[in-house]
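Below: the structure, in structure tokens.
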Amino acid sequence: NSFTVVSLGLSKKIVRRNNVSVGDDIYVTGNLGDSFVGLEVLKRKIKLKNNIKNYFIKKYFLPDIPISLSTYLINFAKSSIDISDGLFDDLDKLINNQKIGYIINANKIPISKNLRKYLKVNNKNILKFISKGDDYQILFTSPKNRRNYIKKLSKRINVKITQIGCATNTKNQRTIIKDKKQLKSRN
């Protein structure tokens, strides 16, 4: 079973995809990966103790959607998309045929304490868990000169916003760095 929600409206102020500029910072809201773990628990592919199991299942069924941020995006975001298909797939959609690439620092990708503990105890790779989707967080780009505004806004509206990388001038560059080592690159 599935359902689709469609919202129609008119606005002169829209934050679009495909409006990324070289040098823009790349940000995400909230934490990534919890929903995927919840789905894997439900599929019985991951086994956890009850309290932590219930945490991840809840994140799958009731993700923390940063609705309060949406009215502010027009003030700083050059482009944005929700993360429904996974961080890297949605980042590719955000860039979509522009002559732009990106560098992402995997150490900066925000994850919950519960996911961090699970990854450490089970020696799992963060990239597998943050790139599967269903997070429903906001992925956006913004000029460097808006960093201070974004930091203050994050505190004021109590929405976690994390800078995870930057847009580059190398078309099709897809570089992921972790612990100062390049993990993945595709040009």
Side-chain angles (χ1 to χ4, degrees), residues 1-7 25-73 77 80-94 102-142 150-165 174-184:
N1 292 337
S2 68
F3 67 94
T4 302
V5 176
V6 177
S7 175
D25 291 330
I26 300 170
Y27 293 87
V28 295
T29 60
N31 291 319
L32 305 183
D34 288 347
S35 181
F36 173 69
V37 175
L39 178 60
E40 294 298 286
V41 168
L42 290 168
K43 290 179 174 180
R44 294 187 166 88
K45 292 184 177 182
I46 292 178
K47 302 210 183 316
L48 299 169
K49 293 185 177 163
N50 272 344
N51 60 341
I52 195 93
K53 177 172 92 172
N54 291 336
Y55 167 83
F56 287 117
I57 290 172
K58 181 180 177 190
K59 292 297 182 181
Y60 176 72
F61 286 117
L62 297 169
D64 298 322
I65 300 172
I67 294 169
S68 62
L69 181 66
S70 62
T71 59
Y72 296 97
L73 280 173
S80 73
I81 189 172
D82 73 303
I83 302 176
S84 56
D85 294 331
L87 174 62
F88 300 110
D89 284 348
D90 287 320
L91 185 52
D92 284 343
K93 288 176 192 167
L94 190 68
Y102 62 76
I103 298 172
I104 298 294
N105 184 334
N107 296 81
K108 291 185 177 184
I109 296 170
I111 60 173
S112 67
K113 291 176 188 172
N114 289 329
L115 181 54
R116 189 173 313 285
K117 182 178 178 183
Y118 172 78
L119 295 176
K120 186 174 182 179
V121 167
N122 295 284
N123 197 28
K124 299 287 185 181
N125 182 344
I126 185 176
L127 296 181
K128 177 182 177 188
F129 290 82
I130 55 87
S131 57
K132 297 297 182 176
D134 293 329
D135 291 304
Y136 302 105
Q137 294 300 316
I138 299 172
L139 170 65
F140 68 91
T141 64
S142 182
I150 293 167
K151 188 176 181 179
K152 287 178 180 178
L153 177 67
S154 174
K155 288 179 183 175
R156 192 175 78 215
I157 65 172
N158 197 30
V159 172
K160 183 177 185 178
I161 302 174
T162 309
Q163 180 195 349
I164 60 168
R174 308 294 188 254
T175 301
I176 302 164
I177 297 169
K178 184 171 191 262
D179 300 325
K180 299 184 181 177
K181 295 178 189 166
Q182 186 171 308
L183 294 182
K184 180 180 171 185

So do [Y] and [X] actually touch side chain to side chain, heavy atoms under 4.5 Å?
{"X": "F56", "Y": "L115", "value": "yes"}
{"X": "F88", "Y": "R174", "value": "no"}
{"X": "L94", "Y": "T141", "value": "yes"}
{"X": "D25", "Y": "I150", "value": "no"}
{"X": "D64", "Y": "Q137", "value": "yes"}
{"X": "D34", "Y": "Y55", "value": "yes"}
{"X": "Y72", "Y": "I157", "value": "yes"}
{"X": "D92", "Y": "Y102", "value": "yes"}

List the steps and the verdict of side-chain contact (heavy atoms from CB on, under 4.5 Å) for V28 and I109. CA-CA 8 Å; V28 295; I109 296 170; 5.6 Å; no

Under 6.0 Å from the CZ atom of R156, do we count more than 12 heavy atoms belonging to anything else shown?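 Check passes, neighbour count above 12.
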
Mark yes when over 12 heavy atoms from residues, nucleotides or ligands other than N158 sit less than 6.0 Å from its CG; otherwise mark no.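 Result for CG/N158: open.
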
I'd like to know if K59 and D135 make a salt bridge, using a cut-off of under 4.0 Å between side-chain N and carboxylate O.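 The answer is no: the pair does not qualify as a salt bridge.
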
How long is the straight-line distance from [atom2] of [Y] back to [atom1] of [X], given to the nearest 0.5 Å?
{"X": "I130", "Y": "I164", "atom1": "CD1", "atom2": "CD1", "answer": "7.5 Å"}
{"X": "K132", "Y": "L39", "atom1": "NZ", "atom2": "CG", "answer": "10.5 Å"}
{"X": "N107", "Y": "K181", "atom1": "CG", "atom2": "NZ", "answer": "11.0 Å"}
{"X": "L69", "Y": "L153", "atom1": "CG", "atom2": "CG", "answer": "6.0 Å"}
{"X": "I65", "Y": "D82", "atom1": "CD1", "atom2": "CG", "answer": "9.0 Å"}
{"X": "T162", "Y": "L32", "atom1": "OG1", "atom2": "CG", "answer": "8.5 Å"}

Under 3.5 Å donor-acceptor, D134 side chain and F36 backbone: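 The answer is no, because no donor-acceptor pair under 3.5 Å joins these two groups.
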
Kindly say whether L127 contributes a backbone atom to a donor-acceptor pair with the side chain of N125 at under 3.5 angstrom?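 It does hold such a pair.
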
Could you go through the side-chain contact (heavy atoms from CB on, under 4.5 Å) check for E40 and V37 one step at a time? CA-CA 5 Å; E40 294 298 286; V37 175; 5.6 Å; no

Looking only at heavy atoms, what is the nearest atom pair of [X] and [Y], with distance?
{"X": "T29", "Y": "F140", "answer": "CG2-CE2, 4.4 Å"}
{"X": "P110", "Y": "G30", "answer": "CG-O, 3.1 Å"}
{"X": "L119", "Y": "F129", "answer": "CD2-CD1, 3.5 Å"}
{"X": "Q163", "Y": "K108", "answer": "O-CD, 3.5 Å"}
{"X": "I83", "Y": "L139", "answer": "CG1-CB, 3.7 Å"}
{"X": "V159", "Y": "S68", "answer": "CG2-OG, 3.3 Å"}

Working for side-chain contact (heavy atoms from CB on, under 4.5 Å), residues Y60 and V41: CA-CA 10 Å; Y60 176 72; V41 168; over 6 Å; no

